[in-house]
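Taking it in order: structure first as structure tokens, then the write-up.
Predicted, not measured: the structure shown is a model, and the values here were computed from it.
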Number of protein chains: 2
Amino acid sequence: MVERDTALLIQDSPFARKLSAFVRLAPGDLSVMSDLYRRRRRFAVGVDMIHQGQTDHAAYVLASGWACSYKILPSGNRQIVDIQIPGDFLGLRSVLFRTSDHNVEPITVVHASEVTQRDLLSAFSETPRLATAVLWAASRDEAMVVEHLVDLGRRNATERMAHFLLELGARLRLVGLADKAGFACPLSQYLLADTLGLSAVHVNRVLRELREEGLVTFQKGHVTFDDYEALVEFAGFDRAYLDHEGPLLT
Amino acid sequence: MVERDTALLIQDSPFARKLSAFVRLAPGDLSVMSDLYRRRRRFAVGVDMIHQGQTDHAAYVLASGWACSYKILPSGNRQIVDIQIPGDFLGLRSVLFRTSDHNVEPITVVHASEVTQRDLLSAFSETPRLATAVLWAASRDEAMVVEHLVDLGRRNATERMAHFLLELGARLRLVGLADKAGFACPLSQYLLADTLGLSAVHVNRVLRELREEGLVTFQKGHVTFDDYEALVEFAGFDRAYLDHEGPLLT
DNA sequence: CGTGCTCTTGATGTCAGTCAAGAATCGTGG
DNA sequence: CCACGATTCTTGACTGACATCAAGAGCACG
């Protein structure tokens, strides 16, 4: 009975929602997942969860709150590589690689479950379906880093912003934190700048432009898609790999 | 006897050299690897090996020649995500993800071994050490995509070029195709432009500048490090994760 | 009710793109 | 082995997107 309750709770977690998009999860999978949820920890804003060069740390599953992974250049410039939202894995690669090559910092207060290499491997051996789902999710996340790279290399500031907001919206929708109308977004214009490789001033101008064009509005911590279709068109957003409904593997 | 010969050949392959940097490979590992080398194929310049949207294709291990993976934007612009050199895995992610989200094109004539998901999994179950090595190598490759992303976001054209050439040199050194003096490089200035998110014209100017500063010379298909230390300094190149000597795991 | 943040806007500067045109090099067939 | 066309490289002049500098306004928090 207790186990079933836990399973129900897990089922509603962002992590489970995300994996459900890839694989239909059986009750057995859910109970293994709830084991992964054991060691819950809390992180305050601005205190690195993981930092460059650190060795032998755990990975985390983000339960609530937002974080970002970034690198600092010798010049002091910073580039945010990825924004992490609830349901995302965090530091999965650095568990393998032993030593992390980037920093992870909470943007809001974060609750996350610590997952060791051992936890993960034992969970995988119990339910291979879960392993498939996690790898699949990890692949998608990596695909998004690639899309981000294309953003920086070959899109101008306005397209870049539009594309980023659409992608973020699609990811949040997957875990039930957004709909086609919009979503709550704790990112400051400084964070956007470091993500998109722009100056904060220019981010401001670009947001104004998008707002005045009637495409998206980002104000007071909320993103509103004023004309979703037009925005998709404008950004050259490829909906194929993000817009699916229901599990791909049943 | 035949088996030993094969093992010797494999041992000298770029693939084995690369993995050896991470894991000390036993004779058993080498013979499993030679199985992976079975289905050898040849690809002509300019004919896509993998293309966007294609499903159910194999992955490859690059035996000789160079390739690149790229994406095309609706605007027609292209961004090269990664340059692939001998020893690199190619399409590893898309085997998992079933459908590829990018194209792969040979830059020179390419010889590569086809590896199916089945091959890979059976090889892994035979020698877990090999699995570790492959995942490790894949992690490093992903780390390089991240570094490339930082390049595009926060480095100016000259630093970007310097950093790219150093990284490429380090990767080639790992498979015995470069030394600290330099390496043979079949990339045209157009390819460099699509890689670094620059125009071909500006690539030319940047190369001239680096040459006149006495840092690197890239001419007639050959990169020469005129002052390696100064270049590392100038590019803010983090040698830690590329510069190691000998296997990390023995 | 200051003291920081974050946002906003204008003025000015610069890095890199675009256009254009000629030189060098490569590949291919005669 | 040479001639030709096709790439690739090189350089200059001009343009434009985005950075930097500066300064004020709105808001949150102690």
Side-chain angles (χ1 to χ4, degrees), chain A residues 44-46 66 68 73 75-80 105 107-109 151-164 184-213 216-224, chain B residues 44-46 66 68 73 75-80 105-109 151-164 184-213 216-224 234:
Chain A
V45 177
W66 293 38
C68 65
L73 295 193
S75 63
N77 279 341
R78 139 170 132 153
Q79 175 65 48
I80 293 179
E105 176 188 300
I107 292 169
T108 67
V109 171
D151 256 16
L152 295 174
R154 288 294 182 204
R155 276 188 247 259
N156 66 31
T158 323
E159 290 167 357
R160 220 181 283 181
M161 177 66 76
H163 193 271
F164 173 74
C185 182
L187 301 175
S188 72
Q189 293 182 355
Y190 289 89
L191 286 168
L192 286 173
D194 282 346
T195 304
L196 300 176
L198 301 169
S199 68
V201 171
H202 202 60
V203 163
N204 186 284
R205 287 195 260 260
V206 162
L207 286 176
R208 171 151 57 97
E209 187 189 334
L210 287 170
R211 177 161 16 95
E212 288 173 353
E213 294 286 329
V216 239
T217 304
F218 185 172
Q219 267 173 340
K220 297 172 187 289
H222 199 90
V223 173
T224 309
Chain B
V45 176
W66 293 38
C68 66
L73 295 192
S75 63
N77 277 341
R78 138 170 134 154
Q79 176 63 49
I80 293 178
E105 177 188 300
I107 291 170
T108 67
V109 171
D151 257 15
L152 294 175
R154 288 292 182 206
R155 275 187 247 260
N156 66 30
T158 322
E159 290 168 356
R160 220 181 282 180
M161 177 67 76
H163 193 270
F164 173 74
C185 181
L187 301 175
S188 72
Q189 294 183 356
Y190 290 89
L191 286 169
L192 286 172
D194 282 346
T195 304
L196 300 176
L198 299 170
S199 68
V201 171
H202 202 60
V203 162
N204 186 283
R205 287 195 265 257
V206 162
L207 286 176
R208 172 151 55 99
E209 188 189 334
L210 287 170
R211 179 163 12 100
E212 287 173 354
E213 294 287 329
V216 238
T217 303
F218 185 172
Q219 268 173 339
K220 296 172 187 289
H222 199 90
V223 172
T224 310
F234 172 77

Point to revise | Any N/O donor-acceptor pair, B:Arg211 side-chain to D:dT10 base, under 3.5 Å | key: no

For residues 193-201 of chain A, which side-chain donor-acceptor pairs fall under 3.5 Å, sequence neighbours excluded?
from	atom 1	to	atom 2	distance (Å)
A:Asp194	OD1	B:Arg154	NH2	3.0
A:Asp194	OD2	A:Arg78	NE	2.9
A:Thr195	OG1	A:Leu191	O	2.8
A:Ser199	OG	A:His202	N	3.2

Review point. Contact class for A:Arg205 vs. all strands (heavy atom < 4.0 Å): base, sugar-phosphate, or nothing?
Key: base

Point to revise | Outermost nucleotides of DNA chain C that come under 4.0 Å of a non-hydrogen atom of chain A | key: C:dC7 to C:dA11

Review point. How does each nucleotide of nucleotides 22-30 of chain D score, in 5' to 3' order, for protein heavy atoms under 4.0 Å: base (B), sugar-phosphate only (S), or none (-)?
Key: ---------

Practice item. Round to a whole Å and report the spacing from CZ of A:Arg155 to P of D:dA17. Key: 18 Å

Check your understanding: Do any N or O atoms from the side chain of B:Thr108 and from the backbone of B:Trp66 form a donor-acceptor pair under 3.5 angstrom?
Key -> yes

Point to revise | Distance, rounded to the nearest Å, where A:Asn77 contributes CG and D:dA19 contributes P | key: 11 Å

Study note, to complete from the structure: Residues at least two apart in sequence or cross-chain that pass side-chain contact (heavy atoms from CB on, under 4.5 Å) with A:Glu212, listed by chain then number, are A:Arg208

Revision key, fill the gap. Note: contacts of residues 192-200 of chain A with DNA chain C (heavy atom, under 4.0 Å) are none

Practice item. Determine the minimum heavy-atom distance between A:Leu152 and A:Arg160, stating which atoms define it. Key: O-NH2, 3.8 Å

Review point. Tell me: CG of B:Leu187 to C1' of D:dC9, nearest whole Å?
Key: 15 Å

Review point. Roughly how bent is the helix from C:dC1-D:dG30 to C:dG30-D:dC1 end to end, in steps of 10 degrees, with each end axis from five pairs?
Key: 50°

